[in-house]
Engineer: 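Below you will find the structure I want to go over with you.
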Amino acid sequence: MKALIVDDESRVRKAIRLLVQWEEHGITDIEEAANGLEAMELIPKFRPNLVLMDMLMPLKNGVDLMEWIHKKYPDIKFIVISGHDDFEFVRNTIWYSGTDYILKPIEETVINQAVRKATTAWRAEEQERLAARQQHVQVNEYRPVYSEKLLSSLIDDRSAHSQVINRLRDEGIVPEDTKTIRLAVMQMDKTDHALFNRFGRHLDLLMFALLNICNEFLQKDRTGIAFRHFGSPHQLVILLWDQLATLPTRLQEINQGMHRTLSRHMHFGISSDGRYPQDIPELYARSSAALHSRDLTVLNHFIHDGEKQHLAAADHHNGVQFSGFEDSWRLAILSGQPGPIAEAVETWIAAIRKSGILTPELLERWDREIERFANHVIHEAANPSSETLLKLYKEESANMERPSPDKYICSLAEWQQHWGALMSLLASLVQSQKQTGQDLIHDITAFIEQNYQNDVSLYDIANRFHVSREYISRKFKQKHGINIPEHLNRIRISKAKILLQNPALKMAAISEMVGFKNEKYFSLVFKKQEGISPKEFRKLTGSYT
């Protein structure tokens, strides 16, 4: 705690310093002022918890200082120490909530009792202030969640509409006279790792920032409100109840604000006008459908009107049919070769480009069709162990990061890479099934032992045995307890130990003979595995010359 001594006599200030047992009262910082005006200048900077003051001082007296403290800093406790037994002085001390009025000359016991009383009262009141602040924080934290729940229930629960609109009206969230509304939905890209990292990968903080930007434009003239859809954590919903025709313009302004703040443009699906509250579920569905059916090939277009898209799509075909490419994909997968796989996917991508239509809805449809196709291929190629292989395919494909259709800019190259990876995985699993009777890992182990002196990579092994690198790595470690590079180095070092016993062979030659292209790296691996260098090994075996 901090204390301020205010008296125009320095000897009195010194006496107070000496008489008060500061540490016992928890006071660690003490300042002095020679009059009320000096105290008024010091208090805002020093912020004392306790003031001990005289009454009769030049410039600003004790009454002036008490009145000023009571008005500006009501949480400060003060004690009057005066040489005048004056009723008016005492009355003013009580009026301005002083804790004590002490007469000079100062007695040590009396002043310490007064300081103890003041500091005890300050601490008790501070606990109440802290509790009140905490309660205020909790209320403010709960209020947005409460509002989101109410607004979300307009979308999700028609039966609660009458009760909810009354609460929204009473809370001042939606105006009482709202009759006609318009909705927009913003979908956040879940794979935008760079943006998520800026917020410490904390989704709530990111969505809070996006909400603030939206409501900055909506709340300035109270035309609408943005909120998180409680059941969809990556979605924001904008409800407009005034100036409905301006919704596209407002969304453009919001998007510009988001780009200035976060360097991102977001996609919004918008609905037509509707009745409040009964049409909200349908308007939400239309806005979401507008996002789902937007044309991903059109750049720099972020506001998607579902009604206009529906009219534009009336004369448009339904996009490329995956069924027309299944045979070429199946042949490529059964070949197990990277070339035919890449060619099959490229042909598929070329057809998509030629069609001129690409939407999130189509991408989801193709995902379902490719999954069905994969199931069929596995059942054909791996019966009777197809269920095991299918489970493995689902596990490994689930670990692949699928490109998001919610990205601000769609890249067909990303989808081409994704579909190519899925086909390669499928081909690897089908080929591994063919190898099962011959013990695939046994064959791979033998291959490594026969080719240890060459530059054997996991990529080379995967290509030779037509199995994915991930599958080989996992199965090899399951059988041997170590990964392939470690196993390869163990073989190389065991061969090197034999060669090191020939004193006529130089270290560089031995290094190259066992597959190390760099003598220094050979020495590092040897020492890590054996605990001694190759030269030390030679000395121990008596092969050093």
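Reckoned from all heavy atoms, side chains included, excluding hydrogens, waters and symmetry mates.
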Engineer: Before you tell me yes or no, could you show the steps for Arg222 and Asp242 under side chain to side chain contact (heavy atoms under 4.5 Å, CB included), namely the whole-Å CA-CA distance, both residues' side-chain angles and the distance that decides it to 0.1 Å?
Structural biologist: CA-CA 8 Å; Arg222 287 286 295 153; Asp242 194 11; over 6 Å; no
Engineer: With no hydrogens and no angle check, is any side-chain donor or acceptor of Ser494 less than 3.5 Å from a backbone partner on Ile491?
Structural biologist: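 Yes, Ser494 side chain to Ile491 backbone: donor-acceptor pair under 3.5 Å.
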Engineer: Are side-chain heavy atoms of His267 and Met186 found at a separation under 4.5 Å?
Structural biologist: no
Engineer: State plainly whether the residues Arg250 and Asp221 are in salt-bridge range, i.e. N to O under 4.0 Å.
Structural biologist: yes
Engineer: Whether the Tyr393 and Glu371 side chains hold a donor-acceptor pair (N or O, under 3.5 Å, no angle test) is what I'd like checked.
Structural biologist: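 Their side chains do not contain a donor-acceptor pair, so the 3.5 Å distance test is not met.
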Engineer: State, yes or no, whether a side-chain contact exists between Val185 and Phe268 at a heavy-atom distance under 4.5 Å.
Structural biologist: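 SC-SC contact between Val185 and Phe268 ruled out.
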Engineer: Run the salt-bridge test on Lys527 and Glu536 with the 4.0 Å N-O cut-off and return the result as yes or no.
Structural biologist: no
Engineer: Checking the side chain of Asp189 only, and the main-chain atoms of Asp406 only, is there a donor and an acceptor separated by less than 3.5 Å?
Structural biologist: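 Looks like no, no N/O pair under 3.5 Å.
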Engineer: Inspect the contact between Lys391 and Glu396 and indicate whether a charged nitrogen and a carboxylate oxygen are less than 4.0 angstrom apart.
Structural biologist: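 Salt bridge flag = no for Lys391 with Glu396.
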Engineer: Answer with yes or no whether the side chains of Ser153 and Asp156 bring together a donor and an acceptor at under 3.5 Å.
Structural biologist: no
Engineer: I'd like to know if the side chain of Ser335 and the backbone of Ala332 have a donor-acceptor N/O pair within less than 3.5 Å.
Structural biologist: yes
Engineer: Is a donor on one side and an acceptor on the other found under 3.5 Å between the side chain of Arg260 and the backbone of Asn255?
Structural biologist: no
Engineer: Give a yes or no on whether the backbone of Ser293 and the side-chain of Thr359 come within a donor-acceptor separation of less than 3.5 Å.
Structural biologist: no
Engineer: Any side-chain heavy atom of Arg182 within less than 4.5 Å of one from Leu283?
Structural biologist: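 No. Closest side-chain heavy atoms not under 4.5 Å.
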Engineer: Give a yes or no on whether Arg330 atom CZ has more than 12 heavy-atom contacts from other residues, nucleotides or ligands under 6.0 Å away.
Structural biologist: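 Enclosed.
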Engineer: Any idea how Phe476 and His480 line up, ring-wise: parallel (<30°), tilted (30 to 60°), or perpendicular (>60°)?
Structural biologist: tilted
Engineer: Taking side-chain contact (heavy atoms from CB on, under 4.5 Å) as the test, write out the residues that go with Pro360, two or more places apart.
Structural biologist: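 His292, Arg294, Leu296, Pro405.
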Engineer: Between Asp192 and Lys407, is the closest basic N to carboxylate O distance under 4.0 Å?
Structural biologist: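 Asp192 and Lys407: not salt-bridged.
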Engineer: Are Phe230 and Leu150 packed together at the side-chain level, in the sense that at least one heavy-atom pair is separated by less than 4.5 angstrom?
Structural biologist: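 Not touching, per the 4.5 Å side-chain cut-off.
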Engineer: Determine yes or no for a side-chain-to-main-chain donor-acceptor pair under 3.5 angstrom, with Thr178 supplying the side chain and Val174 the backbone.
Structural biologist: no
Engineer: Mind telling me whether Trp348 and Trp366 have parallel, tilted or perpendicular rings, with 30° and 60° as the class edges?
Structural biologist: perpendicular
Engineer: Run Glu369 and Arg365 through salt bridge (Lys or Arg N to Asp or Glu O under 4.0 Å) and show every step you take.
Structural biologist: CA-CA 6 Å; Glu369 291 176 348; Arg365 191 186 83 192; 3.7 Å; yes
Engineer: Could you walk me through whether Arg158 and Glu282 satisfy the salt bridge (Lys or Arg N to Asp or Glu O under 4.0 Å) test, starting with their C-alpha distance in whole Å, then the side-chain angles of each, then the deciding distance to 0.1 Å, before giving a yes or no?
Structural biologist: CA-CA 11 Å; Arg158 289 179 183 272; Glu282 184 181 350; 5.6 Å; no
Engineer: Please lay out, stage by stage, how Asp273 and Thr180 fare under the test side chain to side chain donor-acceptor pair (under 3.5 Å).
Structural biologist: CA-CA 7 Å; Asp273 297 358; Thr180 309; over 6 Å; no
Engineer: How are the rings of Trp419 and Trp415 set relative to one another: parallel (under 30°), tilted (30 to 60°) or perpendicular (over 60°)?
Structural biologist: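 Ring orientation of Trp419 relative to Trp415: tilted.
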Engineer: Listed by chain and number, what are the salt bridge (charged side-chain N to carboxylate O under 4.0 Å, His left out) partners of Glu486, not counting sequence neighbours?
Structural biologist: none
Engineer: Compare every heavy atom of Ile173 with every heavy atom of Leu151, then report the nearest pair and how far apart it is.
Structural biologist: CD1-CG2, 4.2 Å
Engineer: Side chain of Arg286, backbone of Ser271: donor and acceptor closer than 3.5 Å?
Structural biologist: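 No.
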Engineer: Name the one of Phe526, Tyr452, Phe516 that satisfies side-chain contact (heavy atoms from CB on, under 4.5 Å) with Asn489?
Structural biologist: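 That would be Phe516.
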Engineer: If you count every heavy atom of other residues, nucleotides or ligands that lies below 6.0 Å from Glu346 atom CD, does the total exceed 12?
Structural biologist: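 Buried by this count: over 12 neighbours within 6.0 Å.
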Engineer: Do you know which two heavy atoms are closest between Arg474 and Leu392, and how far apart they sit?
Structural biologist: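 Scanning both residues, the minimum pair turns out to be NH2-CD1, 3.0 Å.
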Engineer: How far apart are the C-alpha atoms of Ile484 and Val456, what are their side-chain angles, what is the distance that settles it, and do they pass the side chain to side chain contact (heavy atoms under 4.5 Å, CB included) test?
Structural biologist: CA-CA 10 Å; Ile484 289 175; Val456 180; 5.8 Å; no
Engineer: Other residues, nucleotides and ligands only: do more than 12 of their heavy atoms fall within 6.0 Å of CD on Glu530?
Structural biologist: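 Atom CD in Glu530 is crowded, with more than 12 foreign heavy atoms closer than 6.0 Å.
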Engineer: Less than 4.5 Å apart, any side-chain heavy atom of His193 and any of Arg201?
Structural biologist: yes
Engineer: Using side chain to side chain contact (heavy atoms under 4.5 Å, CB included), reason through Leu183 and Leu240 one step at a time and then give a plain yes or no.
Structural biologist: CA-CA 6 Å; Leu183 238 61; Leu240 203 70; over 6 Å; no
Engineer: Would you call Val514 and Gln453 a side-chain contact if the rule is heavy atoms closer than 4.5 Å?
Structural biologist: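 No, their side chains stay 4.5 Å or more apart.
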Engineer: Give a yes or no on whether the backbone of Tyr521 and the side-chain of Asn518 come within a donor-acceptor separation of less than 3.5 Å.
Structural biologist: yes
Engineer: Is the closest side-chain heavy-atom distance between Lys495 and Ile510 below 4.5 Å?
Structural biologist: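 No; the side chains remain at least 4.5 Å from each other.
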Engineer: Hey, do the aromatic rings of Tyr284 and His229 have their centres closer than 6.0 Å?
Structural biologist: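 Close enough - the centres of the two rings lie under 6.0 Å apart.
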Engineer: Give the minimum heavy-atom separation between Ile238 and Cys214, together with the two atoms involved.
Structural biologist: CD1-SG, 4.3 Å
Engineer: Is the ring pair His265/His259 parallel, tilted or perpendicular, if the boundaries are 30 and 60 degrees?
Structural biologist: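 Ring orientation of His265 relative to His259: parallel.
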Engineer: Under 3.5 Å, side chain of Ser511 to main-chain N/O of Met507, donor-acceptor pair present?
Structural biologist: no
Engineer: Should Arg228 and Asp204 count as an ion pair when the cut-off is N to O under 4.0 Å?
Structural biologist: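 Yes.
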Engineer: Between the side chain of Arg264 and the main-chain N/O of Met258, is any donor-acceptor distance below 3.5 Å?
Structural biologist: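 Flag not set: sc Arg264 to bb Met258 has no pair under 3.5 Å.
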Engineer: Tell me, yes or no, whether the heavy-atom count around Glu512 atom CD, taken from other residues, nucleotides or ligands under 6.0 Å, exceeds 12.
Structural biologist: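 No, the 6.0 Å shell around CD holds no more than 12 heavy atoms from other groups.
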Engineer: Using every non-hydrogen atom in the two residues, find where His161 and Pro281 come nearest and quote the distance to one decimal.
Structural biologist: CE1-CD, 4.1 Å
Engineer: With a 4.5 Å cut-off on side-chain heavy atoms, are Lys354 and Val320 touching?
Structural biologist: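 No, side chains not in contact.
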